[in-house]
Structures are given as structure tokens and as C-alpha cells.
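All residue numbers in this chain count up from 1 along the given sequence. Because only heavy atoms are used, hydrogens play no part in the values below, and waters and symmetry mates are left out as well, while side chains stay in.
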Amino acid sequence: MPISTLTKVKVRSIDAPLGAIVTDLDASQPIAPEVILQLKEALRVDAKRLVARHRHILIFKDQKLSDEQLLNFSLYFGALFVPSDETPVLASKPGETPVVIPISNVDGGYTGTGELTFHSDHKWTPTPSSGSLLYALEIPTHGGDTYWLNTNLAYEALDEATKERIADLQLITYNPFLRDRNAPRSLYRLDKTIPLISPIFPHPLVRTHPESGKKHLYLDAATEVEIVGLEPEEGSKLIEQLRQHLTQPKFYYQHKWSVGDIVYWDNQATLHYRQAFDPNERRVLKRVSLAGSRPF
């Protein structure tokens, strides 16, 4: 199939702490090198702002793709994320993780209909994914919106004393797919005598973006975590303080889905959250995740 002759697309920033809308692109077709490079640059920098701000998410409207076409489009931006058997992720089975994952409450899909708190994907693995693309096929009439949060803005808004305190701390994020979800649990490991049930991979609490060099607060809103080297009570208080700061509305964008939307987000620079929605309605999306590097 010949590459498209289109050599430039329209990228319009949205009035939000992050994000831009891309038009004039058919993601089902092969894309010219100039356009791929434009999109990669658009994800990183919003050159029109007086103060440089990275967009971190791109929204593609009115798309119609097969699973194969979604995968082909995704792979312009990086290699496929493949977890190990020791660090399972959403939809993992021994020896395999689906390439295109149904984020759906029907047809064998994953994540159900409830609220999903702010998180970034695969943080408990040695090399968390760099980004993902989520494609909307069916949308409920109410609810089910996805919010994306700019973790660089959240970091920059911290006071200098807190920045200094957390600068060199390492954070363990425990794998939520290696526990009994019905068992009672603490969000912080208070009893150190309890044996670990999974491999652990400490990552910086303040992550440096591998392309921009900007600092990001690398912490989810509710996933079970532990700060290396701090006593449980001290660590728990610090995490709670940071989480209260992190989830302020001034840091995030609320996306109301339309059928045909694709959102590509930088998983190294954002968190995402999903509203609950009516379990009697259908919500069907497809996700592809891209490989990342060791956080530093």
C-alpha cells in the first residue's frame, strides 16, 4: 500500500493543562515520514504557548480502524510493550499478553464499569510502558469519561522544601495483578514481616522524562506503594500529602469520548482516570501499549 502524500496535519492545542487535537489524518492508512515526525514533536512541545508546555496527549478524531490498522498506527510511535511472566499486567496470561487489549465491559473485555483512580500503566514492571493508544468503538450516553493529568505541572507546583525532600527518593509500586483482590489490605506495607508476593522494582519518585528532561511526580493516586528507606508511618504520611496535591483539577483534562476517537498519551508524563458508568450500557475501546525504558 503506498504511503499517503499528506505531509502535514493540523494540530490544535486545547484549553487545558495538557493535550491537542489532530485533524486531517486517516490513521488507517500508511503515513508519510514528515507527518510521523510532526506528531512526535506535537506530543512533546506546544510551541505556540508563551511558556513552553508539553502536550503529553494527542486526540485523533473520526477514525475507523481494524485491530491490525490500530496496531500498525501505534507502532509508528514505538515498539510494543511486552511484560514478563513475573510482572503480569492487565489481560496477561502465562506466556502471552494480547497485542490489542479490549477495554470493555462486554465481549470478554477488561476494567469493568467502575471508577478507575488516577494511575500510569505498568509502574510495577522494570521498564514501564512509554505510552498507549486508546480507540473508542462504543460509548455510553453518560459517564465513562477519561481524565489525563499532567505530572510535570504537579511536580512544578510543589514547594521547594518538598521538592528537595523527595528529590532522591525511590518508590516501590506493588503489582495489583499478583494479589487476592478480595482480601483486606493496607495501601502501605506497615508490617515488614509479611513476605513479598512479587518482584519489586524501585523507581524514582521524581522521574526525569527521557526526551524532554523535565521532572515528573511519578506516583499513582491509590496503588499500593512504599518509599524505600523511610519508616512506614513517615512514608505513608508523605505519600498522602503528595496524593492530595497531585489530584487537583488544575492539573488535568477531562475527555468526553466520541466514537472514532483515538487518544495517544505519554505514560511517562501523565496519569489517567476513568469515571464509572452505567453497567447496563456498553463501553468498548481498544488499547495498544508501547515499550518504555528504565525510569531515571
Checklist entry - Between the side chain of Y135 and the main-chain N/O of L65, is any donor-acceptor distance below 3.5 Å? => result yes

Checklist entry - Listed by chain and number, what are the side chain to side chain donor-acceptor pair (under 3.5 Å) partners of H255, not counting sequence neighbours? => result Y253, D261

Checklist entry - Going through the checks in order, is the side chain to side chain contact (heavy atoms under 4.5 Å, CB included) test met by F77 and L290? => result CA-CA 8 Å; F77 303 107; L290 304 176; 3.7 Å; yes

Checklist entry - Once you round to the nearest 0.5 Å, how far does CG of L133 lie from CG of L75? => result 9.5 Å

Item to check | From CG (L217) to CG (L153), nearest 0.5 Å | outcome: 11.5 Å

Checklist entry - What is the minimum heavy-atom distance between P210 and F296, and which atoms define it? => result CA-CZ, 3.7 Å

Checklist entry - For G109, does its backbone N or O pair with a side-chain atom of D107 as donor and acceptor, under 3.5 Å? => result no

Item to check | K163, NZ: over 12 other non-hydrogen atoms inside 6.0 angstrom | outcome: yes

Checklist outcome for this item: Sorted by chain and residue number, the ring pair (Phe, Tyr, Trp, His ring centres under 6.0 Å) partners of F81 (sequence neighbours excluded) come out as H122

Next on the checklist: To check you understand the geometry: which heavy-atom pair defines the closest contact between P202 and V228, and what is its length?
Outcome noted: CB-CG2, 4.1 Å

Next on the checklist: For N280 and D278: C-alpha separation, side-chain torsions, deciding distance, then whether side chain to side chain donor-acceptor pair (under 3.5 Å) applies.
Outcome noted: CA-CA 5 Å; N280 296 311; D278 186 344; 3.3 Å; yes

Checklist outcome for this item: Residue set satisfying salt bridge (charged side-chain N to carboxylate O under 4.0 Å, His left out) with R274, at least two apart, ordered chain then number -> none

Item to check | Parallel, tilted or perpendicular: ring planes of Y147 versus F118, cut at 30 and 60 degrees | outcome: perpendicular

Checklist entry - Less than 4.5 Å apart, any side-chain heavy atom of R55 and any of S13? => result yes

Item to check | Y264 side chain to I59 backbone, donor-acceptor under 3.5 Å | outcome: no

Checklist entry - If you look only at pairs with a residue in residues 220-250, which of them pass as a ring pair (Phe, Tyr, Trp, His ring centres under 6.0 Å), with sequence neighbours excluded? => result H245-F251

Item to check | Main-chain N/O of A221 paired to R243 side chain as donor or acceptor, under 3.5 Å | outcome: yes

Checklist outcome for this item: Hits for salt bridge (charged side-chain N to carboxylate O under 4.0 Å, His left out) against D159, two or more places apart or cross-chain, chain-then-number order -> none

Item to check | Intermediate values then yes/no, side chain to side chain contact (heavy atoms under 4.5 Å, CB included), L242 and L158 | outcome: CA-CA 9 Å; L242 293 173; L158 290 168; 4.1 Å; yes

Item to check | With R165 via salt bridge (charged side-chain N to carboxylate O under 4.0 Å, His left out) - residues at least two apart | outcome: E234

Next on the checklist: Between V100 and L70, is there a side-chain heavy-atom distance shorter than 4.5 Å?
Outcome noted: yes

Checklist entry - Are H216 and H56 near enough that their ring centres are under 6.0 Å apart? => result yes

Next on the checklist: Listing request: all salt bridge (Lys or Arg N to Asp or Glu O under 4.0 Å) pairs with a residue in residues 140-154, at least two apart in sequence or in separate chains.
Outcome noted: D145-K256

Checklist outcome for this item: What one should report as the nearest heavy-atom pair of P98 and A91 is CD-O, 3.2 Å

Next on the checklist: Would you compute the distance between atom CD1 of I262 and atom NZ of K286 and round it to the nearest 0.5 angstrom?
Outcome noted: 12.0 Å

Checklist entry - Taking all atoms of both residues into account, what is the closest heavy-atom pair of L219 and L271, and its distance? => result O-CD1, 3.4 Å

Using atom types as modelled, flag every donor-acceptor pair under 3.5 Å from a side chain in residues 136-144 to any protein atom, sequence neighbours excluded.
{"unit_1": "E138", "atom_1": "OE1", "unit_2": "R282", "atom_2": "NE", "d": "2.7"}
{"unit_1": "E138", "atom_1": "OE2", "unit_2": "R282", "atom_2": "NE", "d": "3.4"}
{"unit_1": "E138", "atom_1": "OE2", "unit_2": "R282", "atom_2": "NH2", "d": "3.0"}
{"unit_1": "T141", "atom_1": "OG1", "unit_2": "E281", "atom_2": "OE1", "d": "3.0"}
{"unit_1": "T141", "atom_1": "OG1", "unit_2": "E281", "atom_2": "OE2", "d": "2.7"}

Checklist entry - Do the ring centers of W265 and H272 come within less than 6.0 Å of each other? => result yes

Next on the checklist: If you count every heavy atom of other residues, nucleotides or ligands that lies below 6.0 Å from K61 atom NZ, does the total exceed 12?
Outcome noted: yes

Next on the checklist: Determine whether the aromatic ring centres of residues F73 and F60 are separated by less than 6.0 angstrom.
Outcome noted: yes

Checklist outcome for this item: Of all heavy-atom pairs linking L149 and T247, the shortest is CD1-CA, 4.1 Å

Next on the checklist: Using the side chain to side chain donor-acceptor pair (under 3.5 Å) criterion, which residues pair with D62? Sequence neighbours excluded.
Outcome noted: none

Next on the checklist: Using the rule given for side chain to side chain contact (heavy atoms under 4.5 Å, CB included), can you reason through S104 versus R283, listing the C-alpha separation, both sets of side-chain angles and the distance that settles it, and then say yes or no?
Outcome noted: CA-CA 6 Å; S104 165; R283 185 179 187 271; over 6 Å; no

Checklist entry - Does a sphere of radius 6.0 Å around CD in Q248 hold more than 12 heavy atoms from other residues, nucleotides or ligands, not counting ones at 6.0 Å or beyond? => result yes

Next on the checklist: Strictly distance-based, threshold 3.5 Å: is any side-chain N or O of Q268 a donor or acceptor partner for the main-chain N or O of E211?
Outcome noted: no

Checklist entry - Does Q244 have any side chain to side chain donor-acceptor pair (under 3.5 Å) partners at least two apart in sequence or in another chain, and if so, which? => result E240

Checklist entry - Do S293 and S130 come within less than 4.5 Å of each other through their side chains, counting heavy atoms only? => result no

Checklist entry - Checking H203 side chain against R294 main chain: does a donor-acceptor pair fall under 3.5 Å? => result no

Checklist entry - With W124, which residues qualify under side chain to side chain donor-acceptor pair (under 3.5 Å), at least two apart? => result N175

Item to check | Test item: D220 side-chain N/O and A222 main-chain N/O as donor-acceptor pair under 3.5 Å | outcome: no

Checklist outcome for this item: Value for CH2 (W148) from CG (L18), rounded to nearest 0.5 Å, stands at 9.5 Å

Checklist outcome for this item: What one should report as the nearest heavy-atom pair of S129 and S289 is CB-CB, 4.4 Å

Checklist entry - Does CG belonging to D24 count more than 12 external heavy atoms closer than 6.0 Å? => result yes

Item to check | Exam field: side chain E41 to backbone Q38, donor-acceptor pair closer than 3.5 Å | outcome: no

Checklist entry - Looking at residues at least two apart in the chain, or sitting in another chain, which of them share a salt bridge (charged side-chain N to carboxylate O under 4.0 Å, His left out) with K215? => result none

Checklist entry - Is the closest basic N to carboxylate O distance between D121 and R287 below 4.0 Å? => result yes

Checklist entry - Cluster question for you: counting only ILVMFWY and a side-chain heavy-atom cut-off of under 4.5 Å, with indirect links fine, are V284 and F277 together? => result no

Checklist entry - How many angstroms lie between NZ in K8 and CG in L37, if you round to the nearest 0.5 Å? => result 13.0 Å

